[in-house]
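Structure first, then comments.
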Amino acid sequence: VMRYDFVLSFVTMQEVTATSRHYVDRLFDPDPQNVLQGVIDMKNAVIGNNRQKANLIVLGAVPRLLYLLQQSSSSLELRTECAVVLGSLAMGTENNIKSLVDCHIIPALLQGLLCSDLIFIEACLRCLRTVFISPVTPVQLLYTDPTVIPHLMSLLSLSQHTQEYITQIFAHCCKTPEHQTVLFNHGAIQNIAPLLISPSYKVRMQALKCFSVLAYENAQVSMTLVNVLVDGEQLSQVFVRMMQRDKPIEMQLTAAKCLTYMCRAGAIRTDDNCIVLKTLPCLVRMCSKERLLEERVEGAETLAYLMEPDIELQRIASVTDHLVSMLADYFKYPSSVSAITDIKRLDHDLKHAHELRQAAFKLYASLGSNDEDIRKKITETENMMDRIVSGLSESSIKVRLAAVRCLHSLSRSVQQLRTSFHDHAVWKPLMKLLQNAPDEVLVMASSTLCNLLLEFSPSKEPILESGVIELLCSLTQSDSPALRVNGIWALMNMAFQADQKVKVEIVQALGTEQLFRLLSDPDTNVLMKTLGLLRNLLSTRPDMSSHGKQIMQAVTLILEGEHSIEVKEQTLCILANIADGNTAKELIMTNDDMLQKIKYYMGHSNVKLQLAATFCISNLIWNEEDGSQERQDKLREMGFVDILHKLTQASDPNLCDRAKKAMQQYLA
Amino acid sequence: MQCNICSVLSKMAELGAGSLLTGDPAFNYQEHELNERLKRLYPAVNEEETPLPRSWSPKDKYSYIGLSQNNLRVHYKGHGKNHKDAASVRATHPIPAACGIYYFEVKIVSKGRDGYMGIGLSAQGVNMNRLPGWDKHSYGYHGDDGHSFCSSGTGQPYGPTFTTGDVIGCCVNLINNTCFYTKNGHTLSFCPCLSFQPNLYPTVGLQTPGEIVDANFGQQPFVFDIEDYMSEWRAKIHSMIARFPIGERLGDWQAVLQNMVSSYLVHHGYCATAMTFARATETMIQEDQTSIKNRQRIQKLVLAGRVGEAIDATQQLYPGLLEHDPNLLFMLKCRQFVEMVNGTDSEVRCFSARSPKSQDSYPGSPNLSPRHGATNAHLHNTGADSPTCSNGVTPTNKNKSHNKYTGVSSASSSPSSSPSSVNYSESNSTDSTKSQPHSATSNQETSDSEMEIEAEHYSNGVTESSTRIMNGTYKHQEILQADDNSVDDSCSSRQLCGGNQAATERMIQFGRELQALSEQLCRQYGKNATHKKMLQDAFSLLAYSDPWNCPVGQQLDPMQREAICSALNSAILESQNLPKQPPLMLALGQATECVQLMAKVRSGSCSFARVDNFLH
């Protein structure tokens, strides 16, 4: 029986090829009427028949069809039928699209749009639409010829079909800020806005999608959108209407995206009712179990993006519809029940499981980024910490990244660092993640590590023991400023009130050369954290015998350079720490240049700098230490006492207090 | 202070001093707002049967509860030492099931000492010395801990806490029997209570001194967008109906639908349309064409006010029919008398100098466009005394259907013919849209040929009635209304029996015959109050100098012909062993009745499955 089947299908195959060849042959018939009939027959033959489509492509039908389509001698009817057949071929597999694109179908069809016949234009657009919405088509092809976009804009007024196809093309081909700008500059907003109230649902929907891709992270577009009126109504209100619960889910979701992007781009305030009472609840609804898996993913991601910077929105979302526990359901795919009952369902679940998990992690990260109570609520959600831990080592990079983002968000909580983070030993998978990961994961992971290395974190000890110093030092050599900051930051946290042993380890591992390189880092954050590291290293009476000179050089350099108050303050604090050490004191005392600088900063207009400089002097003249008398004398000669005296009258209570204490050293 | 004044005012209102309050324009405005909002939110609720909650009940509360501001503000006036001092108040009425989805909000004016407020629902009779949720048939969301209490002293973690300035809402979904609360316009997910018993009252409970809350039962716009939530459920129910699985029976359904349309056309005697429809759908028509045409002719005569001829035709075509139905005969004769007064019946028309058509044979009727009729509430009741309008639904639903249509109409006095009264013509098979604009003017211009006028005049009825089935009853009243208004313009030309002396004499004589018939029937079948009333009304017309503008003048309205026309049509059909009601009307009436039954058995979805949602 099986052999028989095989033979049968073989015969069928041959027949198909034979008929396919016949169709192609007819395209070359000398009689144009026969050609037309041939194309029409071909059209009827390929509808819904992927094998037939593939055959025709292999047999070279496409170039011939394109030739006929482009020939001005062809009748309009023939040209239109050619476009229809090509559109049908494009509806097949991705390979079909590739072949069509390789045959330069796009420029040919774009050329066809210059024709004046609406039916032909619509056929070309329909085919172009199908080609452009395929993931295998490079979107750039839409922008190669600068006359194309304006021409498409002008075709928008022709018919509902041109509107639908063109907006669909725009919605799919607007992927970068450059694309947004091109479309914006050619009047996309004015041309597409009226389509939002088109009688055709498809047109409304595609127009809406256009706005969501145009507004994404684009302040210029978003600011323009808020001022657009559609039939006398503000665009934001049109979007709000599209989010009504009786509208199709796709429409609600896309309208919510538009408003989200406009809000994030600063065009709508986060406390605007259309955000608080409409967009946010709509997105929370999209996360509910009733929605399709794809919708839940998009809903959660958009919601995470919407509320990321706003604690009030985070608070509202956290109590809306039990969102925190609703999200826990995102981790239950594929569910065991579906695995048994329906293989198709299992396949579907499997496909979306990763997406669901990463979306949930993202949303948790956003929810917990500011509010301590929400973080607590999240960590108390069923198996949450376990889920994050296993998420950190998932194969999908997207999930790993989202999991570490979530962990990072939660790691901002002192409470969680002390409890759940320690209980679940999250540092272990985190360290593993740091060994070998792409930069974006590394940034998040190392940033989380910074928090885990805070002195009150019980994870600090085991992390130290796991040999993390080398790894952090290597991060400081990264090309990415974010990684350099995190590396040095983590080292800084590690050095805070650390044992001398750890400090020595850090200095050895980092090396003075690298330390100085970081002190001249173009990124201020890196510089600040490096100074912070130095300050921590030099606290508790540092021994400066080894690198004293270099450090003094670096300090001089920074104090002389064009740096912010914060940087200088940090530097003076380092100096104060140096002034606290026995051998180190001499380094300053013998450096008149440095003493003059300290004097200068004591008279600075910024209180913070005055305070830090006074600290420095106070350490130098402290009694009970060897040579304090000489130092006091020298500094009196240099006029420091007068300055201190003046500072005891300062309006800032801290500064005043500090100066008085220093003066007491002289009096004692 | 303000509270006190308000409570005094509301007490006065209770004592019947309502005039004081109604004099306050602000209050009136709020009352109006409330009525409008409730009507919009709960269109399916019949407040005469199941009133909606509009305030807290001054009777159904614990003594520690004080009410003010039209019984909308609740304050605590007990000691508030412990939970034994808790106190609740219920709304005046339970939530009607016909709401489908019900919602109210409570604003926390002050959290008082400890903020132990509970918002929720409870059944009649639940102890009021408690917070909502603590007892059986009681449910509540509490401000101090944010817990939800479902008939239990221990709450479950549910939502955030709430305090002064917050607005808490409670939404009951009677379709899926769930409930959820809102805080400041945000939904807090479904409350864990599994089952709700029917007839729950909005309830609020307080426990410590200083606690004050204000209720909003619709007096003000809600913070939460409840209409949006309702729209989701309306869409759900509608799509459920639209997607009702018919599976294999698709063919059966089509046949049933075709039969319904066909029988409706046949019933009303749209002969040509019915024939065309039958041809197109390849269906059979039960009744033969001549019979349909006969009925059509008789109906046309009645509607034209030529009742005498109609009686003759009936007796000729359906011998014995009227003899076996003396009630119908009497009704017809009464009507004939009225038409004689009107000057339309052929027995008096023959005396008329002018062609009656050109003058006043159709007074009122053709001048009105029911589609643009005026909304007028006081007319709803008048419609109820015409029990068998030809286009109406089953009589039991009368009142309902009247009310329903008032919302969609708007006032207009544009002259156009009235479809409901003029459904009967051969010409209805021709393109009705073409004839429509013509018909609006034809009845004034054309006067030489009666039949031509009639054909023109009736032509536009077809499309109207077949698509707007229930309009009949509604239009009916609209025309009455507008007729009253137009009387002043047209009545000057109207005279008794067309102003002809001989005709008047004939009428008097006919009146005597009618009187004799009544007496004969009385002897034969016993006293009949309806007959007596009918006769009295008819004769009363003669007591006024201007019968068209007198208390019983309504009888002269051509719209009144519809009822008798329909009765006669049904009688003829019955005599031919055909249904006296078209199945389409039966189905419609049944569906309407069904939805009302659903409300009675507390099936909430009825509010979104209303029949008029599906009539266009």
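Because only heavy atoms are used, hydrogens play no part in the values below, and waters and symmetry mates are left out as well, while side chains stay in. Predicted model only: the values in this text are computed from it and were never measured. In what follows, chains carry the letters A, B, and so on, assigned in the order in which the sequence lines appear, proteins first and then strands, with residues in each chain numbered from 1.
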> Just by distance, do the side chain of A:R291 and the backbone of A:R296 share a donor-acceptor pair under 3.5 Å?
Replying inline: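 No: the side chain of A:R291 does not pair with the backbone of A:R296.
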
> If only atom types and distance count, is the side chain of A:E355 paired as donor or acceptor with the main-chain N or O of A:H352 below 3.5 Å?
Replying inline: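 No; judged by distance alone, with no hydrogens or angles, the pair does not exist.
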
>> Checking B:Y141 now: which residues fulfil ring pair (Phe, Tyr, Trp, His ring centres under 6.0 Å) with it, not counting sequence neighbours?
In response: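 Residues passing ring pair (Phe, Tyr, Trp, His ring centres under 6.0 Å) with B:Y141: B:Y158, B:F162, B:Y181.
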
> Mind checking what makes ring pair (Phe, Tyr, Trp, His ring centres under 6.0 Å) contact with B:Y102, not counting sequence neighbours?
Replying inline: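 Per chain and number, B:Y102 pairs via ring pair (Phe, Tyr, Trp, His ring centres under 6.0 Å) with B:Y42.
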
> Quick one: what part of B:K236 sits under 4.5 Å from any heavy atom of chain A, side chain, backbone, both or neither?
Replying inline: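 Side chain of B:K236 only, per the 4.5 Å heavy-atom cut-off to chain A.
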
> A:K332 and A:E382: salt bridge (charged side-chain N to carboxylate O under 4.0 Å, His left out), yes or no, with the steps?
Replying inline: CA-CA 12 Å; A:K332 295 175 182 166; A:E382 49 168 319; 3.3 Å; yes

>> Within residues 258-283 of chain A, which residues come under 4.5 Å of chain B, heavy atom to heavy atom?
In response: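 Only A:V276, A:L277, A:K278, A:L280, A:P281 of residues 258-283 of chain A have a heavy atom under 4.5 Å from chain B.
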
> Is there any residue in residues 310-324 of chain A with a non-hydrogen atom under 4.5 Å from a non-hydrogen atom of chain B, and which ones are they?
Replying inline: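 Within residues 310-324 of chain A, the residues that come under 4.5 Å of chain B (heavy atoms only) are A:I316, A:V319, A:T320, A:D321, A:H322.
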
> Between B:N184, B:D225, B:T187, which has the largest tally of heavy atom pairs under 4.5 Å with chain A?
Replying inline: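 Counting heavy-atom pairs under 4.5 Å, the top option is B:T187.
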
>> Parallel, tilted or perpendicular, judged at 30° and 60°: which one describes the rings of B:Y103 and B:F224?
In response: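 Tilted: the ring planes of B:Y103 and B:F224 meet at 30° to 60°.
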
> Which heavy atom in B:I168 sits nearest to a heavy atom in B:K183, and how many Å separate them?
Replying inline: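 So the minimum-distance heavy-atom pair works out to CD1-CG, 3.8 Å.
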
>> Taking the ring of B:Y229 and the ring of B:F180, is the distance between their centroids below 6.0 Å?
In response: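 Close enough - the centres of the two rings lie under 6.0 Å apart.
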
>> So that I can tick it off, tell me whether A:E250 and A:K209 are bridged by a salt bridge, with the cut-off set at under 4.0 angstrom between side-chain N and carboxylate O.
In response: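 Yes, charged N to carboxylate O under 4.0 Å.
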
> Looking at CZ of B:R40 and CD of B:E227, how far apart are the two atoms once the value is rounded to the nearest 0.5 Å?
Replying inline: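 Answer rounded to 0.5 Å: 4.5 Å.
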
